[in-house]
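Reviewing the structure listed below.
Numbers restart at 1 for each chain; the letters A, B, ... are given by sequence-line order, proteins then strands. Side chains are part of it too, since the values below use all heavy atoms of this structure and drop only hydrogens, waters and symmetry mates.
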Number of protein chains: 2
Amino acid sequence: MGRWEPDAAGRLARAALELYSERGFDQTTALDIAERAGVTERTFFRHFADKREVLFDGSSALLNAVVASIAAAPEASKPLDVMGQAMQSGTALLEERRDHARLRAVAIAAHPSLQERELLKMSTLGEASAEALRARGVPSPAAELAADAGVAVFGRGFEAWIAPGETRTLAECIGDALAELRRLTA
Amino acid sequence: MGRWEPDAAGRLARAALELYSERGFDQTTALDIAERAGVTERTFFRHFADKREVLFDGSSALLNAVVASIAAAPEASKPLDVMGQAMQSGTALLEERRDHARLRAVAIAAHPSLQERELLKMSTLGEASAEALRARGVPSPAAELAADAGVAVFGRGFEAWIAPGETRTLAECIGDALAELRRLTA
DNA sequence: GAGGTTGATGTCAGTTGCTGTCATCAGCGT
DNA sequence: ACGCTGATGACAGCAACTGACATCAACCTC
């Protein structure tokens, strides 16, 4: 490889979150981010597909963890139990970075383009989960609906977890959200 | 008003769907759409916020119908029953345009940017539904989870409805999806 | 250790999405 | 006739991205 400061992608991601938080997404150009990270604009777009993607680095790691957990679930588990467990498995990467998650969430909530991207990531997570459930023999459309329900539970649990003053862990928030969903159909 | 061919917005929406279907989203410029509709590019962006929005004209009508239905539901109904009924209420606008819905769905499925926009519309529908449920006295996070579940049911029902060879009505597809979701928690 | 390979970066020109601004022009009421 | 209003055209401009080519350090091979 060429000579480079370590972790250009990491520096870009950090710079982007800082700038989006400081002045907002619209008031930040790709050139601004690149300069703060010490690279050129072109290099920014080599590391990230677009200005939004820079905030969604870890999403594929989450997806992998969830899919692996679904595949590894006990043979006889019911679909919703599998999804609940899988969503809690993916949280290990996040539990220790609540402050970072909050900054990210504030930035995303402030701009529809970023909300769209987050929704796409969640949707992708749902589709991958549905496929993993089908691979376990869960039929359609039960697999898809269980996957959607699991993603919704994750989303609402995450939302609760980053709320100010929340003391539960992310896994607990997700577990409670799942219990709440079960109560709805009782 | 000035002198104009009737329904410029409608002609733009039609031209856009045609072009996205014919050559794809990326291969269609805003200028292409405008020219086919007989207006200038600037006029296109006066009628639609961006190149994606042009495919999502009816979404606010759907949202209004759903929210109205939630507000009008019988006093004692359970949240999930309210959502199921509301999702079926919004279908009147769509039932007679299945072919159009199919064309639209194919175009959207072909491009992530359009998927993102559709997901945002569904998310907005979910948030509005949650607020309408809260206005009925449903507490958080039950309201949000019921809303998410309702949106997921709508989405999967819609997906089934536009599948080739499907004979059920949209309302029936949604009803069946809701029944399937209930079965998951049994 | 000369030379080729590789991978990350810089440079630059170009397309396109989208916006701000001002002029125009048809109808409408007075 | 007069001015007002709402939709449009004309045009300049910024910023998001892309493709093509050059560079340059580390590494590999002989």
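With rounding to whole Å, Asp7(A) atom CG is found 16 Å from dT9(C) atom C1'. When rounded to the nearest whole Å, the span between CG of Leu12(B) and C1' of dG9(D) equals 14 Å. For the pair Glu35(B) CD and dA10(D) C1', the interatomic distance rounds to 15 Å; values are reported in whole Å. Per the geometry, OH belonging to Tyr20(B) stands 8 Å off P belonging to dG17(C), to the nearest Å. For Asp32(B) and dT15(C), the CG to P distance is 15 Å, given to the nearest whole Å. In this structure, CG of Leu31(B) is placed 12 Å from C1' of dT15(C), rounded to the nearest angstrom. Rounded to whole angstrom, the span from the CZ atom of Phe45(B) across to the P atom of dC14(D) amounts to 18 Å. For the pair Phe44(B) CZ and dG9(D) C1', the interatomic distance rounds to 17 Å; values are reported in whole Å.
Aromatic ring pairs are classed by plane angle as parallel below 30°, tilted from 30° to 60° and perpendicular above 60°; the pair Trp161(B) and Phe158(B) is tilted. Using cut-offs of 30° and 60° on the angle between ring planes, the pair Phe44(B) and Phe48(B) is tilted.
Within residues 47-57 of chain B, the residues that place at least one heavy atom under 4.0 Å from DNA chain C are, in residue-number order, Ala49(B), Asp50(B), Lys51(B), Arg52(B).
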Below 3.5 Å between N/O atoms, which protein atoms pair up with nucleotides 10-13 of chain C? Just atom names and distances, please.
unit_1: dG10(C); atom_1: OP2; unit_2: Thr40(A); atom_2: N; d: 3.0
unit_1: dG10(C); atom_1: OP2; unit_2: Thr40(A); atom_2: OG1; d: 2.7
unit_1: dG10(C); atom_1: OP2; unit_2: Thr43(A); atom_2: OG1; d: 2.5
unit_1: dG10(C); atom_1: N7; unit_2: Arg46(A); atom_2: NH1; d: 3.4
unit_1: dG10(C); atom_1: O6; unit_2: Arg46(A); atom_2: NH2; d: 2.4

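Of the inter-residue distances, the one linking Leu114(B) atom CG with Ile108(B) atom CD1 reads 6.0 Å to the nearest 0.5 angstrom.
Residues Ser140(A) and Glu144(A) have side chains that bring a donor and an acceptor to within less than 3.5 angstrom of each other.
Geometrically, Arg52(B) does not engage Phe25(B) in a cation-pi contact defined by less than 6.0 Å to the ring centre and at most 45° from the axis.
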Would Lys78(B) and Asp81(B) count as a salt bridge (Lys or Arg N to Asp or Glu O under 4.0 Å) if you check the C-alpha gap in whole Å, the side-chain angles of each, and the deciding distance to 0.1 Å? CA-CA 5 Å; Lys78(B) 293 185 199 168; Asp81(B) 296 324; 5.4 Å; no
Evaluate the salt bridge (Lys or Arg N to Asp or Glu O under 4.0 Å) criterion for residues Lys51(A) and Glu41(A): first the C-alpha distance (whole Å), next the side-chain angles of each, then the deciding distance (0.1 Å), finally the verdict. CA-CA 11 Å; Lys51(A) 233 180 104 182; Glu41(A) 189 185 6; over 6 Å; no
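Where Phe25(A) and Ala9(B) each meet DNA chain D at their nearest nucleotide, the meeting point lying more 5' is that of Ala9(B).
Around the CZ atom of Arg182(A), the shell of radius 6.0 Å holds more than 12 heavy atoms that belong to other residues, nucleotides or ligands. With a 6.0 Å radius and a threshold of 12 heavy atoms from other residues, nucleotides or ligands, Glu95(B) has its CD atom above the threshold.
In this structure, Thr28(A) reaches the sugar-phosphate backbone alone: every heavy-atom distance under 4.0 Å involves primed, P, OP1 or OP2 atoms, never a base.
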